[in-house]
Amino acid sequence: MNIDSIQNGYVIDHIKAGRSMELYRHLKLDSLDCSIAIIQNAKSERMGRKDIIKIDQEIPIDWDMLGYIDPDVTVNVIRGGKRVEKKQLKMPDRVVNVMRCKNPRCISQVEHELDQIFTLADREKRVYRCHYCETAYKRSEK
Amino acid sequence: MRHLIDILDLTIEEIDQLIETAEDIMANPAKYAHVCDGKKLATLFFEPSTRTRLSFEAAMMELGGNVLGFSEASSSSASKGESVCDTVQVVGCYADIIAMRHPKEGAPVAAASVCPVPIINAGDGGHNHPTQTLTDLLTIRKEKGRLNQLVIGLCGDLQFGRTVHSLINAMSRYKSIRFVLISPNELKVPEYIKENMHRDKVSYMEVERLEDVIGTLDILYMTRVQRERFFNEADYVRLKDSYILDTEKMKMARKDLCVMHPLPRVNEISRAVDSDPRAAYFRQAMYGKYIREALIMKLLGVEA
Ligand SMILES: [Zn+2]
């Protein structure tokens with residue numbers, strides 16, 4: 001695959017440098033049978049360094065999950081070799097079983113069959129709280 | 001199905017109603033002596049707290065109901081590895097309402113998601129303890145006659161004291177409340193509690209010594225400062241007496257001060273203060289039983 005010219009698919013741009021593998025895992029891209037390119041540590045005017053993921057097929061993607069992990073990424077939808085859409089991501093109100101609460105006193109730490117639920121407490125400050133113990137977790141910096 | 005997990009689950013109107021009911025129970029106990037006939041309260045205490053458990057059990061008995069339960073995890077199925085969700089689903093088949101104390105934060109939230117009967121959080125680790133806060137609110141109302149226009153001093157360990165945080169959040173909803181936060185520097189109220197006060201436009205000041213401010217207070221809420229919480233010995237020696245309420249400091253206080261303490265106390269209030277009519281902490285324990293009666297009635301949907 002020529003990483004510069006995707007025909008149909010997505011270019012996930014402006015990923016915080018070093019973060020692309022985390023995204024790759026959470027979006028379960030390893031289970032796809034299309035070609036995927038991960039570009040790490042690319043030069044960026046806006047960010048200094050950034051990562052990019054290119055997916056050579058229009059597959060269903062969990063945009064909420066992506067918005068949770070990094071709402072600042074840019075998603076370009078490519079059809080016929082041209083960008084047809086630029087997606088705005090938004091942080092989801094609730095995420096289930098994406099991350100674990102780190103509070104050692106939290107019930108979810110000892111009873112593992114409980115769903116790991118986090119709710120968005122402050123969209124401006126990007127704070128999620130554990131549904132059980134209410135410990136606050138700040139998401140990526142702007 | 002209503003549960004009580006966090007004091008903020010209740011609206012101000014609901015809290016006012018609970019206080020009104022509790023006051024009526026105190027005035028007319030006979031009227032309420034059979035409202036819970038045939039009902040059962042299960043006290044599931046996964047960690048011991050004798051005082052709180054007895055308060056719940058006495059409350060249910062005074063309403064004519066019965067109680068069952070356990071007082072520590074080792075005498076429950078949790079010791080065999082049963083999850084808290086399974087435990088409450090089983091107990092929900094036997095009891096009409098559950099009071100649960102658990103060492104892990106959020107355990108009552110998990111339990112409430114599957115529990116077939118109302119759950120009252122009787123303390124989940126250092127997290128929430130809403131019936132303590134209801135007790136405090138009833139105490140303030142009974143002792144001061146109002147829940148607004150008060151200068152409330154909170155003294156001692158304000159960083160780890162959950163009763164203090166919860167009381168601040170609850171009292172911030174009333175009009176013209178001012179907090180005076182009295183603690184050593186290393187045990188100040190956490191930042192998020194201050195953010196809440198800013199959000200609620202509640203004014204507060206932080207001081208290090210009780211004797212400097214005691215004369216300005218309507219209410220003094222004492223908590224214990226543990227020696228090991230201080231970062232250095234010099235600060236401990238310099239400040240330790242500031243967090244002990246004695247008859248000397250009581251002389252500087254207003255005639256209508258109300259002294260509260262969640263109990264048990266160790267040495268932060270000297271025994272000599274007990275006979276001062278302004279010492280409300282043992283009455284506070286009594287109010288705790290009555291507000292729990294009102295809460296049990298509300299969650300069971302029974303009326304006198
Ligand atoms: Zn948690």
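To find a chain, count down the sequence lines: A is the first, B the second, and so on, and within it residues start at 1.
- Ion pairing between Glu206(B) and Lys194(B) holds under the 4.0 Å rule for side-chain N and carboxylate O.
- Within residues 92-116 of chain A, the residues that have a heavy atom under 4.5 Å from a heavy atom of chain B are Asn103(A), Pro104(A), Arg105(A), Cys106(A), Ile107(A), Val110(A), Glu111(A), Glu113(A), Leu114(A), listed by number.
- Leu29(A) has its side chain within reach of Ile53(A): a pair of non-hydrogen atoms, C-beta onward, lies under 4.5 Å apart.
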Can you list, pair by pair, the side-chain donor-acceptor contacts under 3.5 Å of residues 88-97 of chain B, counting residues two or more places apart and other chains?
residue, atom, partner, partner atom, Å
Gln89(B), NE2, Cys85(B), O, 3.4
Asp96(B), OD2, Lys40(B), N, 2.7

**Report entry** Verdict with reasoning, Met260(B) to Asp136(B), per side-chain contact (heavy atoms from CB on, under 4.5 Å)
**Finding:** CA-CA 8 Å; Met260(B) 297 169 66; Asp136(B) 296 343; 3.9 Å; yes
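- Under a cut-off of 6.0 angstrom, the local environment of CZ in Arg178(B) is sparse, with at most 12 non-hydrogen atoms contributed by other residues, nucleotides or ligands.
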Report task. Could you walk me through whether Arg126(A) and Glu124(A) pass the salt bridge (charged side-chain N to carboxylate O under 4.0 Å, His left out) test, one step at a time? Result -> CA-CA 6 Å; Arg126(A) 303 186 165 185; Glu124(A) 270 298 294; over 6 Å; no
**Report entry** Tyr192(B) and His165(B): CA distance, side-chain angles, deciding distance, side-chain contact (heavy atoms from CB on, under 4.5 Å) verdict
**Finding:** CA-CA 10 Å; Tyr192(B) 76 95; His165(B) 303 164; 3.9 Å; yes
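- Among Glu105(B), His102(B), Lys104(B), the residue with the largest count of heavy-atom pairs under 4.5 Å with chain A is Glu105(B).
- Per-residue heavy-atom pair counts under 4.5 Å with chain A were compared for Ser113(B), Ala110(B), Pro108(B), Gly126(B), and the maximum is reached by Ala110(B).
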